[in-house]
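What follows is one structure encoded as structure tokens, with my remarks underneath.
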Amino acid sequence: MVIVKDERMSRKRTYLMCPPERFTVAYAINPWMDTSAPVDAELALKQWQLLRETLTGLGHTVHVLPAEDGLPDMVYAANGAFTVDRTAFGARFRYPQRALEADAHRAFYAEQGWAYVEPTEINEGEGDFAYLPEAYGGMILAGHGFRTEAVAHSHAQEALGRPVISLQLVDPRFYHLDVALAALDDKTITYYPGAFSAGSQRVLAQLFPDALVADEADALAFGLNLVSDGRNVVLNAEATGLAAKLASAGYLPVPVELSELKKGGGSVKCCVAELRP
Ligand code: ARG
């Protein structure tokens, strides 16, 4: 008898990305950034283009937000807003160096005719918010501790009308939720428990008993900073350990090289905002 493994199902996605045309490490606002380490701008752009082509090659739509002068971190498009139910919950950045990025994202959503919620507290968009449309009928997971203020979580819950589960990040290397946890499909997550407080670890274990649990090496390789369509999981090529775990869970890992963008403290997911209609 042949035992057929469950086929993971992909769903077509729409993403927003911004090319690293102005990318440099000009300041250090996370432990990965070293202003004395050189960045190969040409390689950064090539790697980014390959990431975009990987996503379009999987059948997804990618919108491109033009890079702007003086905003070297704008390539990390995930931080510009968080979208659910065709509503964009706008970002308000913690550090002044990135503040103006929020305006570029706001203009994009206005032009596309999306509802836009003005932020009243600091929150770094999809960097600290994840959405699981089929977990408990549609649930938002939200991080605080380094960038996003916990009070922004309750604002998001009121504005978006979806339950928001607040999770506390405790390890400065994993300063955004999206470097510690990712949605693999509409109801399944993968995460590194050590990035979270003891209480938040218990909450995650209770809500997601079937989660794929990652280890510190997976997280340090930026493996959790992934983009999944439910079947294909695009992740940093260094994260070979996590790729193997994903494969044995029935997903298709799609490794991409993003060495240059890692110098800014980000990888695949940081570069990709999902637009949820
Ligand atoms: N240099 C950027 C910062 O520190 C990196 C942002 C990474 N983005 C993310 N979604 N984790 O703000």
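When a ligand or atom number is given, it counts from 1 through the structure's own listing order. Only this structure's heavy atoms are used, side chains among them; waters, hydrogens and symmetry mates stay out.
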Checklist entry - For Y116, which fellow cluster members are found when Ile, Leu, Val, Met, Phe, Trp and Tyr are connected by side-chain heavy-atom distances below 4.5 angstrom, either directly or through intermediates? => result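 Joined to Y116, directly or through intermediates: L16, L65, L71, M74, L100, F108, Y109, W114, L275.
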
Item to check | Under 4.5 Å side-chain linkage, directly or through intermediates, the cluster mates of V117 | outcome: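 In the cluster with V117 are F82, V84, F89, F129, Y131, I140, L160, V164.
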
Can you report which non-hydrogen protein atom sits closest to [atom], along with the distance?
| atom | result |
| --- | --- |
| atom 12 (O) of ligand 1 | R98 NH1, 2.7 Å |
| atom 9 (C) of ligand 1 | C270 SG, 2.7 Å |
| atom 2 (C) of ligand 1 | D73 OD2, 3.4 Å |
| atom 10 (N) of ligand 1 | D178 OD2, 2.7 Å |

Can [X] and [Y] be counted as an ion pair, charged N to O under 4.0 angstrom?
| X | Y | result |
| --- | --- | --- |
| K46 | D40 | no |
| R276 | E126 | yes |
| E149 | R94 | yes |

Checklist entry - Heavy atom under 4.0 Å from ligand 1: found in K269's side chain, backbone, both, or neither? => result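 For K269, there is no contact with ligand 1 at all, from either part.
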
Checklist entry - Considering only heavy atoms, does Y175 approach ligand 1 within less than 4.0 Å through its side chain, its backbone, both, or neither? => result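 It is the side chain that touches ligand 1; the backbone stays farther off.
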
Item to check | Atom CZ of R202: over 12 foreign heavy atoms under 6.0 Å | outcome: no

Any nitrogen or oxygen of [X], side chain or backbone, less than 3.5 Å from one on ligand 1?
| X | value |
| --- | --- |
| N30 | yes |
| H176 | yes |
| G264 | yes |

Using a 4.0 Å cutoff against the non-hydrogen atoms of [X], which atoms of ligand 1 qualify?
| X | value |
| --- | --- |
| G127 | 10 (N) |
| I29 | 3 (C), 4 (O), 12 (O) |
| N79 | 6 (C), 7 (C), 8 (N), 9 (C), 10 (N) |
| M33 | 1 (N) |

Checklist entry - Under 4.0 angstrom from ligand 1, any heavy atom of R147? => result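 Contact present.
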
Checklist entry - If you measure from CZ on R52 to NE2 on H60, what distance do you get to the nearest 0.5 Å? => result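 These two atoms lie 15.0 Å from each other.
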
Item to check | salt bridge (Lys or Arg N to Asp or Glu O under 4.0 Å) partner of R11, chosen from D229, D186, D185 | outcome: D186

Checklist entry - What pair of heavy atoms forms the shortest contact from A182 to L224, and how long is it? => result CB-O, 3.3 Å

